[in-house]
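Data first, discussion second: the structure below is written as structure tokens.
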Amino acid sequence: MSVTGKCTVVVGCQWGDEGKGKIVDVLSEGADVIARYQGGANAGHTVHVGGEEFILHQIPSGILHPGTRCLLGNGVVLDIEQFFEEYDALAARGIDVEGRVGVSRRAHLLLPYHRLLDRAAETSASEKIGTTGRGIGPAYEDKAGRRGVRVADFGDPERLAKRVEAARSRVCSRLEELGQGAGEDLARHMESALALGSRLLALATDTGPEITAALSAGKRVLLEGAQGTALDLDHGTYPFVTSSNTTAAAACTGTGVGPTSIDSVVGVVKAYTTRVGEGPLPTAFAPDMDEHVRKLGGEYGATTGRPRRCGWFDSVLSRFAAQVNGLTGLAVTKLDVLDTLPELKIASAYRMPDGSVERSFPADTWSLGKVEPVYETVPGWRTPTGGARTLEDLPAGARRYLDRLEELTEAPVRWVSVGTDRSQIIPAG
């Protein structure tokens, strides 16, 4: 199975956790270069290969395909300690990483003080965002405030020391304001993180020129995002969002390639909907059904282990994601999770608090928390789908369900996943 164009973007179309890692892993078979364009170690991609499970937080899952070049773009905030833990763990499991991983010199670093500040700010906040506590928000705040530390800064130790000390002093003052100290471990963790600078510089590259050169040489490139469209800083359910742009347009700013280089955008959706953290979930199940589907789908965060809230498929959101990302194709994951359900619901519109019916995704998050989904009810198929390898192998009810998701989302279904293994991805078009 290969990527659909010379330069393809893979993007999540819900609240993250859609199974992008598996889709990227499968599409990586036909790619020469894979680049992550935003986010940090708060993301988690779970991939099953040959009976083994790999959970990757920063390195693209294409690393599991021999010979593929894997890049972390300038839009990423790099947790240097976690990155090298992941890098070394892959090597220890027999994955060839040498010379295959590159990190943008323009990427900002996520340092131990960012994690401390993230946790302290969330603990003291009157309105919780539901962060992972991994320091993502504070790292992006430093980047936007023009006080961040970048990979390139390791090339000038004196400049690096000044920037780090200024940041550390600022963070410690902020922690005192929040009623929390930095703790005795901060200095030790900072020393450990900064000691990795020479290793990081050895991997440093300019992702924009490297990707552009690969495309000019006729190679295939895959650009992957983290989280999902509804967590985008501009287009998501603000303020219950992540601190970066998760949508397809960010693939350009986050890697350094021009928009005309991209010729296909694959959106990933679950066959139902999940969300972890705070914020509205319009199609949320009743508690008993929520727990039932969570167990069926193993719906716990790959990064934090937090239980995900589950709900029916929300085509209002997926249609919005198709529009804002310019989708050329859709990948539907976890269809098999629905195999035992007697009937399914699909939200085709929202009934707003004023009684009007809308098919568009509202900008006002508080209105979203009060909408009533307008559902279509369709029969289930009550037949296992895990063994299907073609669309024709799927039960008629499952095919009708996919057809309806395609119609409502207004994007063609190109792949369907019916299990955790690579072999359980069905090409659909």
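Side chains included, hydrogens not; waters and symmetry mates left out as well; all remaining heavy atoms used.
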Next on the checklist: Looking only at side-chain N and O atoms, does His114 offer a donor or acceptor that is under 3.5 Å from a partner on Asp79?
Outcome noted: no
Next on the checklist: Could you walk me through whether Thr255 and Asn74 satisfy the side chain to side chain donor-acceptor pair (under 3.5 Å) test, starting with their C-alpha distance in whole Å, then the side-chain angles of each, then the deciding distance to 0.1 Å, before giving a yes or no?
Outcome noted: CA-CA 6 Å; Thr255 60; Asn74 54 277; 5.8 Å; no
Checklist entry - Do other residues, nucleotides or ligands put more than 12 heavy atoms under 6.0 Å from Arg170 CZ? => result yes
Item to check | Candidate pair Val332 and Tyr401, rule side-chain contact (heavy atoms from CB on, under 4.5 Å), full reasoning | outcome: CA-CA 11 Å; Val332 180; Tyr401 183 70; over 6 Å; no
Checklist entry - Quick one: does Arg100's side chain have a donor or acceptor within less than 3.5 Å of a partner on Asp96's backbone? => result yes
Checklist entry - Between the side chains of Ser417 and Arg422, does any donor sit under 3.5 Å from an acceptor? => result no
Next on the checklist: I'd like to know whether Arg309 forms a salt bridge (charged side-chain N to carboxylate O under 4.0 Å, His left out) with Asp290, so could you lay out the CA-CA distance, the side-chain angles of the two residues, the decisive distance to 0.1 Å, and finally the verdict.
Outcome noted: CA-CA 7 Å; Arg309 290 178 284 156; Asp290 185 44; over 6 Å; no
Checklist entry - Would one find more than 12 heavy atoms of other residues, nucleotides or ligands at under 6.0 Å from atom CD of Glu191? => result no
Next on the checklist: Checking side-chain polar atoms at under 3.5 Å, does Thr247 have a donor or acceptor matched by the opposite partner on Asp232?
Outcome noted: yes
Checklist entry - Which heavy atom of Asp339 sits nearest a heavy atom of Trp381, and at what distance? => result OD1-NE1, 2.8 Å
Item to check | Pairing of Arg414 and Glu406 as salt bridge, 4.0 angstrom limit | outcome: no
Checklist entry - Can you tell me how far CG of Leu56 sits from CD1 of Ile63, rounded to the nearest 0.5 angstrom? => result 9.0 Å
Checklist entry - Any side-chain heavy atom of Val33 within less than 4.5 Å of one from Leu71? => result yes
Checklist entry - Does a side chain donor of either Gln227 or Thr246 reach within less than 3.5 Å of an acceptor in the other side chain? => result no
Next on the checklist: List the residues meeting salt bridge (charged side-chain N to carboxylate O under 4.0 Å, His left out) with Arg93, not counting sequence neighbours, and say none if there are none.
Outcome noted: Glu52
Next on the checklist: Using only atom types and a distance under 3.5 Å, with no angle test, would you say the side chain of Thr333 pairs donor to acceptor with the backbone of Glu18?
Outcome noted: yes
Checklist entry - Where the side chain of Asp421 meets the backbone of Gln424, is there a donor-acceptor pair that is under 3.5 Å apart? => result no
Checklist entry - For the residue pair Ile59 and Leu72, what are the closest heavy atoms and their distance? => result CA-CD1, 4.4 Å
Next on the checklist: Looking at Ala161, is its backbone amide N or carbonyl O close enough to the side chain of Glu165 to form a donor-acceptor pair, meaning the two atoms are under 3.5 Å apart?
Outcome noted: no
Checklist outcome for this item: Rounded to the nearest 0.5 Å, the CD atom of Glu86 sits from the CD1 atom of Ile55 at a distance of 10.0 Å
Item to check | Distance-only polar pair, side chains of Tyr272 and Glu299, donor-acceptor under 3.5 Å | outcome: yes
Checklist entry - Going through the checks in order, is the side chain to side chain donor-acceptor pair (under 3.5 Å) test met by Arg275 and Thr237? => result CA-CA 12 Å; Arg275 179 169 196 168; Thr237 50; 3.1 Å; yes
Checklist entry - Does the Thr205 side chain pair with the main chain of Val103, one donor and one acceptor, at a distance under 3.5 Å? => result no
Checklist entry - Hey, what's the ring geometry for Trp366 with Phe240, parallel, tilted or perpendicular (30° and 60° as the breaks)? => result tilted
Item to check | Least distance between heavy atoms, Thr409 atom then Ala322 atom | outcome: O-CB, 3.6 Å
Item to check | Side-chain heavy-atom pair Glu29, His65 within 4.5 angstrom cut-off | outcome: yes
Checklist entry - Looking only at atom types and distance, does a side-chain atom of Ser61 sit under 3.5 Å from a main-chain N or O of Gly21, one as donor and one as acceptor? => result yes
Item to check | Sub-4.5 Å side-chain heavy-atom contact between Leu109 and Phe154 | outcome: yes
Item to check | Parallel, tilted or perpendicular, as decided by the 30° and 60° cut-offs, for the rings of Phe83 and Tyr87 | outcome: tilted
Checklist entry - Distance-only, no hydrogens or angles: does the Asp153 side chain make a donor-acceptor pair with backbone N or O of Arg150 under 3.5 Å? => result yes
Checklist entry - Are the charged groups of Asp32 and Arg220 less than 4.0 angstrom apart, N to O? => result no
Next on the checklist: I'd like to know if Asp17 pairs up with Lys270 as an ion pair, taking the criterion as any Lys NZ or Arg NE/NH1/NH2 lying under 4.0 Å from an Asp or Glu carboxylate oxygen.
Outcome noted: no
Checklist entry - Taking it one step at a time, do Tyr37 and Val76 satisfy side-chain contact (heavy atoms from CB on, under 4.5 Å)? => result CA-CA 6 Å; Tyr37 60 80; Val76 168; over 6 Å; no
Checklist entry - If every non-hydrogen atom of Ala248 is compared with every non-hydrogen atom of Val11, which pair is closest and at what distance? => result N-CG2, 4.1 Å
Checklist entry - Do the side-chain N and O atoms of Asn245 and Thr253 include a donor-acceptor pair separated by under 3.5 angstrom? => result no
Next on the checklist: Using a 6.0 Å cut-off, check whether atom CD of Glu98 has over 12 heavy atoms from anything other than its own residue.
Outcome noted: no
Item to check | Criterion side-chain contact (heavy atoms from CB on, under 4.5 Å) on Leu222 and Thr68, from CA distance to verdict | outcome: CA-CA 11 Å; Leu222 197 60; Thr68 304; over 6 Å; no
Checklist entry - Should Glu210 and Arg69 count as an ion pair when the cut-off is N to O under 4.0 Å? => result yes
Next on the checklist: So Leu223 and Thr8, do their side chains get closer than 4.5 Å, heavy atoms only?
Outcome noted: no
Checklist entry - Between the main-chain N or O of Tyr300 and the side-chain N or O of Arg294, is there a donor-acceptor pair closer than 3.5 Å? => result no
Checklist entry - Taking atom types as modelled, is there a side-chain donor on Thr328 or Ser264 under 3.5 Å from an acceptor on the other? => result no
Checklist entry - Which atom names give the shortest non-hydrogen contact between Cys7 and Ser261, and what distance separates them? => result CB-O, 3.0 Å
Checklist entry - Can Arg199 and Asp88 be said to form a salt bridge (charged side-chain N to carboxylate O under 4.0 Å, His left out), step by step? => result CA-CA 12 Å; Arg199 286 190 74 186; Asp88 293 339; 3.0 Å; yes
Checklist entry - So, Lys6 and Asp263, do they make that salt bridge, N to O below 4.0 Å? => result no
Checklist entry - Do Leu27 and Val24 come within less than 4.5 Å of each other through their side chains, counting heavy atoms only? => result no
Next on the checklist: Under a plain distance cut-off of 3.5 Å, with no hydrogens placed, do Gln58 and Gln82 share a side-chain donor-acceptor pair?
Outcome noted: yes
Next on the checklist: side-chain contact (heavy atoms from CB on, under 4.5 Å), that's the test. Do Val269 and Leu405 meet it? Break it down for me.
Outcome noted: CA-CA 10 Å; Val269 294; Leu405 299 193; 5.6 Å; no
Checklist entry - Are any non-hydrogen side-chain atoms of Ser318 and Phe313 less than 4.5 angstrom apart? => result yes
Item to check | Side chain to side chain, Gln14 and Asp314, heavy atoms closer than 4.5 Å | outcome: no
Checklist entry - Does a side-chain heavy-atom distance below 4.5 Å link Val151 with Leu200? => result yes
Next on the checklist: Keeping Arg319 on the side-chain end and Leu408 on the backbone end, is there a donor-acceptor pair under 3.5 Å?
Outcome noted: yes
Item to check | Salt bridge Asp403-Arg399, side-chain N to carboxylate O under 4.0 Å | outcome: no
Checklist entry - Is there a donor-acceptor pair under 3.5 Å between the side chain of Asn325 and the backbone N or O of Leu327? => result no
Next on the checklist: Can you give me the closest heavy-atom contact between Pro280 and Trp15, atom names plus distance?
Outcome noted: O-CZ2, 3.6 Å
